[in-house]
Student: 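Handing you a structure now.
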Amino acid sequence: MKADIVTIFPDFFRGPLDYGITRRAAEMGLVKIEVHDLRQFTHDRHRTVDDRPFGGGEGMVLKPEPIFECLEPLGLASREQRLMDRKTPGAATESVILLSAQGERFTQKIAAELAALDRMVLICGRYEGVDERVAEFLADRELSIGDYVLSGGELAAAVVIESVTRLLPGAVGNEASTRQESFTAHGDGATPDAGPDSTCGSGGLLDYPHYTRPAEFRGMAVPEVLINGNHLEIRRWRREQALEKTLRNRPDLLESVELSIDDQEILDRLTGG
Ligand code: 6GU
C-alpha cells in the first residue's frame, strides 16, 4: 500500500508514524508513506495556501490550486476512473480522501475497505474549511474521525493510516488478535477468513476486559474465573463482560449486532428486564 499525505504541516508526521506498527510496517515494505508539503505548490512569495471565504464569514479557507497541483504529478487515475475501478474486482485501486469534520464517519469497516487499496491519498483539511471544489471534483470521498472539532486533518490522517496499516496482512504479529478486538464485526467482508463466532470474537461488541500478572495487586484481585482454567466458563464470562461493557459504554452498538439467545438472556438480566 502506498499512502500519500497532503498537508501544510509535513513535520507533524515525523512523530506519530515513526513508532510501533506503522514504523514496522514501513520497514517491512508493507506500506510506503510519502508526505507532501502543500506550500511547495504555491507560486507567490508568501507561499499562500489559504484565502478569505466568498460570501463573507469567519476564518480562512484552503485554496484549491495548490491541492490540485500537488496531486497532478502523482500519476493517479482520473476521479471518474477511480470511482469505476472501485466497483471492478481485480482492478488497481486508488482513493483520494479529504479529511474534514464534514466527512462521513470513519469506522473499522471503512478502515478495512481502505486496507484493500493499492494507494490512498489523504488530504488534510485546515482552518475553517477547504474550497468545496476539492471535495466535489478531486476527492472520491470525505471522511471525519468523529463528532468533535479538530483544527486540522493531520491527526485524523495519522489515525486513518495507523488503523489501516495494522490491517495489512503481516503488519500485526498475531493476525487473530486484530480479528477479536472491539468493532471487528464478522461477516461484513472486513475479515473474509474469520467465520462467525458468538463467543470467541467480540463480533461488533466492545472487547472484554483483559488481565495479566500479578493475580493480586494492592488488594485488587483478577477475577477468579480467569485463574481456574475452565475454558468454557472463561468464554462465557468474557462474552458476558463484553455485553455488559457495550451496554454501559456503547448501547448504540447493540442495535446492529447479532445476538444469540444466550446473549439476549444475559442482557435481559443486566437490564433487569
Ligand atoms: Cl478529519 N478534520 C477536522 N478538522 N475535524 C475533525 C475531523 C477531521 N474529524 C473529526 N473532527
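In this chain, numbering begins with 1 at the start of the sequence shown. This one's a predicted model, so the numbers in the text were calculated from it and none came from an experiment. Remember, it's 1-based here, ligands and their atoms both numbered in the order they're listed.
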Student: Is the closest heavy-atom distance from Gly125 to ligand 1 below 4.0 Å?
Tutor: no

Student: Decide whether an N or O pair under 3.5 Å exists between Ser151 and ligand 1.
Tutor: no

Student: Should the proximity of Leu143 to ligand 1, defined as any heavy atom under 4.0 Å, be assigned to the side chain, the backbone, both, or neither?
Tutor: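 Only the backbone of Leu143 comes within reach of ligand 1.
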
Student: Tell me whether Gly103 reaches ligand 1 (any heavy atom closer than 4.0 angstrom to a ligand atom).
Tutor: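 Judged by the 4.0 Å heavy-atom criterion, Gly103 does not count as contacting ligand 1.
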
Student: Would you mind running through ligand 1 and noting each atom that sits below 4.0 Å from a heavy atom of Tyr148?
Tutor: 6 (C), 10 (C), 11 (N)

Student: Determine the minimum heavy-atom distance between Ile110 and Glu104, stating which atoms define it.
Tutor: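 In terms of heavy atoms, the two residues are closest at CD1-OE2, 3.6 Å.
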
Student: Testing the basics here: between Val6 and Leu38, what is the closest heavy-atom pair and its distance to 0.1 Å?
Tutor: CG1-CD1, 3.5 Å

Student: Would you call Arg39 and Asp37 a salt bridge, using N to O less than 4.0 angstrom?
Tutor: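 So Arg39 does not pair with Asp37 through a salt bridge.
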
Student: Tell me which one of Ile97, Ile145, Val160 gets a heavy atom nearest to atom 9 (N) of ligand 1.
Tutor: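 That would be Ile145.
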
Student: Quick check on contacts: which atoms of ligand 1 are under 4.0 angstrom from a heavy atom of Ala156?
Tutor: 1 (Cl)

Student: Return the minimal non-hydrogen interatomic distance between Glu94 and Gly75, and the atom names on each side.
Tutor: OE2-O, 4.3 Å

Student: Using side chain to side chain donor-acceptor pair (under 3.5 Å), reason through Glu69 and His43 one step at a time and then give a plain yes or no.
Tutor: CA-CA 11 Å; Glu69 285 183 37; His43 304 290; 2.7 Å; yes

Student: Pair Asp263, Ser260 - check side chain to side chain donor-acceptor pair (under 3.5 Å), show working.
Tutor: CA-CA 5 Å; Asp263 291 339; Ser260 69; 3.3 Å; yes

